[in-house]
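Let me begin by presenting the structure, written as structure tokens, before commenting on it.
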Amino acid sequence: MTISEEKIRKLLIDAKVIQNGHFKLNSGVHSDTYLEKFNLLQWPDLTELICREIFENTQDLQPDLIVGPTTGGAIIAYEVARNFKVRSIIAERGDSGRVIGRDYTIEPGEKVLVVDDILTSGQSIFETIDAVKNANGHVSGVAVIADRSMQPINFDVPTQSLIKITLENYEENECPLCSDKVPLKIT
């Protein structure tokens, strides 16, 4: 890594990707931290810098193709692919998971790096891996900007994250932020 995890964390805080406060997450739990990936993606120079770090950390995988799930992962895939000087494609939502659609093709055995912005449950990455495999590709690795998963997730391939973020999550009826009357923001 050419930029320290501490510096990446500061860049993401300054860009308001990492936010502190009192948030109600999509899952319904409350948290003192929220990650707004689109606050990164609005800044091309910062997105380029962060994706360059993903490239630096995954060069040894020598992928032939970069694939990212819609929406944010598609932008990350494009920028990482630009560094590798390879193609990027997207895995879109289908009727049962993600698919490699449009006129995209993956040659049998093509080495694929799956990238995404934020790892939480791993669902979009697992679905993207399945879509790549269903299209005859070989997933050689996974890379994300931030890992905010609550427990390690095994994708059965080398997995990299630029930063690890540990979040405090609370059930609404046990939330100390609610007890302290900290204003709630719905994400």
Side-chain angles (χ1 to χ4, degrees), residues 12 15-18 25-28 34-55 57-59 61-163 165 186-187:
L12 296 178
K16 296 185 173 58
V17 174
I18 301 172
L25 305 179
N26 288 338
S27 63
Y34 178 64
L35 300 174
E36 180 50 78
K37 63 188 172 192
F38 291 108
N39 282 346
L40 167 67
L41 301 176
Q42 71 179 329
W43 300 105
D45 290 349
L46 183 55
T47 302
E48 177 184 17
L49 177 71
I50 295 295
C51 290
R52 175 88 180 158
E53 284 302 302
I54 292 174
F55 164 74
N57 290 335
T58 58
Q59 283 187 66
L61 298 176
Q62 300 180 330
D64 303 309
L65 176 66
I66 313 297
V67 178
T70 52
T71 301
I75 297 168
I76 303 301
Y78 174 85
E79 192 60 35
V80 171
R82 199 168 66 75
N83 281 278
F84 274 108
K85 297 182 179 14
V86 299
R87 292 182 309 130
S88 76
I89 61 175
I90 57 177
E92 298 176 276
R93 291 190 192 278
D95 291 336
S96 58
R98 294 190 183 269
V99 296
I100 305 297
R102 302 181 187 259
D103 286 332
Y104 296 138
T105 58
I106 300 177
E107 296 300 319
E110 206 168 9
K111 291 188 299 185
V112 175
L113 173 63
V114 171
V115 299
D116 204 359
D117 39 36
I118 297 169
L119 171 60
T120 302
S121 68
Q123 180 178 349
S124 63
I125 293 174
F126 280 118
E127 289 177 356
T128 301
I129 288 170
D130 288 344
V132 168
K133 289 178 180 177
N134 290 338
N136 299 314
H138 169 74
V139 176
S140 59
V142 169
V144 297
I145 295 169
D147 177 355
R148 60 156 280 182
S149 61
M150 300 305 284
Q151 55 195 0
I153 299 173
N154 184 1
F155 297 110
D156 291 327
V157 294
T159 303
Q160 304 251 342
S161 67
L162 298 183
I163 64 170
I165 297 176
I186 310 253
T187 60

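By convention here, the first residue in the shown sequence is residue 1. As a basis for the values below, the full set of heavy atoms in this structure was taken, side chains included, without hydrogen atoms, waters or symmetry mates.
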With sequence neighbours left out, which residue pairs that include part of residues 85-110 fulfil the ring pair (Phe, Tyr, Trp, His ring centres under 6.0 Å) condition? none
Which residue pairs pass the salt bridge (Lys or Arg N to Asp or Glu O under 4.0 Å) test with at least one member in residues 149-160, sequence neighbours excluded? none
With sequence neighbours excluded, what pairs up with E48 under the salt bridge (Lys or Arg N to Asp or Glu O under 4.0 Å) test? R82
Tell me every residue that passes salt bridge (Lys or Arg N to Asp or Glu O under 4.0 Å) with R87, counting only those two or more places apart in sequence or in another chain. E110
Taking side chain to side chain contact (heavy atoms under 4.5 Å, CB included) as the criterion, tell me which of V115, V80, I75 meets it with C51. V80
Distance-only check: which donor-acceptor pairs under 3.5 Å involve side-chain atoms of residues 89-98, not counting sequence neighbours?
{"unit_1": "E92", "atom_1": "OE1", "unit_2": "R102", "atom_2": "NE", "d": "3.0"}
{"unit_1": "E92", "atom_1": "OE2", "unit_2": "R102", "atom_2": "NE", "d": "3.3"}
{"unit_1": "E92", "atom_1": "OE2", "unit_2": "R102", "atom_2": "NH2", "d": "2.7"}
{"unit_1": "R98", "atom_1": "NH1", "unit_2": "T70", "atom_2": "OG1", "d": "3.0"}
{"unit_1": "R98", "atom_1": "NH1", "unit_2": "A91", "atom_2": "O", "d": "3.3"}

List the atom of I54, the atom of A143, and the distance in Å for their closest heavy-atom pair. CG2-CB, 3.6 Å
How many angstroms lie between CD1 in I118 and CD1 in I145, if you round to the nearest 0.5 Å? 7.0 Å
Those residues that, when tested against D117, pass side chain to side chain donor-acceptor pair (under 3.5 Å) (two or more places apart): none
Let me check something: any side-chain donor-acceptor pairs from residues 37-46 under 3.5 Å, sequence neighbours excluded? List them with distances.
{"unit_1": "N39", "atom_1": "ND2", "unit_2": "K16", "atom_2": "O", "d": "2.8"}
{"unit_1": "Q42", "atom_1": "NE2", "unit_2": "N39", "atom_2": "O", "d": "3.4"}

Is there side-chain contact between I100 and V67, with heavy atoms separated by less than 4.5 Å? yes
Residues at least two apart in sequence or cross-chain that pass salt bridge (Lys or Arg N to Asp or Glu O under 4.0 Å) with E36, listed by chain then number, are none
Would you say the side chain of V144 lies within less than 4.5 Å of the side chain of I125, judging by non-hydrogen atoms? yes
Could you measure the distance from the NZ atom of K111 to the CG atom of L61? Nearest 0.5 Å is fine. 8.0 Å
Does N57 reach the side chain of L162, with side-chain heavy atoms less than 4.5 Å apart? yes
Quick one: which residue pairs count as a ring pair (Phe, Tyr, Trp, His ring centres under 6.0 Å) with a foot in residues 116-160, not counting sequence neighbours? F126-F155
Atom pair OG1/CG of T120 and L35 - distance to nearest 0.5 Å: 7.0 Å
V86: what forms a side-chain contact (heavy atoms from CB on, under 4.5 Å) with it, not counting sequence neighbours? I66, A81, F84
Is there side-chain contact between T128 and V139, with heavy atoms separated by less than 4.5 Å? no
Partner residues of D64 under the salt bridge (Lys or Arg N to Asp or Glu O under 4.0 Å) criterion, sequence neighbours left out: none
To the nearest 0.5 Å, tell me how far S88 OG sits from N83 CG. 11.5 Å
With sequence neighbours left out, what residues match E107 under side chain to side chain donor-acceptor pair (under 3.5 Å)? none
Given side chains that start at C-beta, do those of I76 and D116 come closer than 4.5 Å, heavy atoms only? no
T58 and P63: which non-hydrogen atoms are nearest, and at how many Å? O-CD, 4.5 Å
Interatomic distance, CD1@I106 vs NZ@K133, rounded to 0.5 Å, equals 12.5 Å
Least distance between heavy atoms, I153 atom then G122 atom: CD1-N, 3.9 Å
Is there side-chain contact between D147 and I165, with at least one heavy-atom pair below 4.5 Å? no
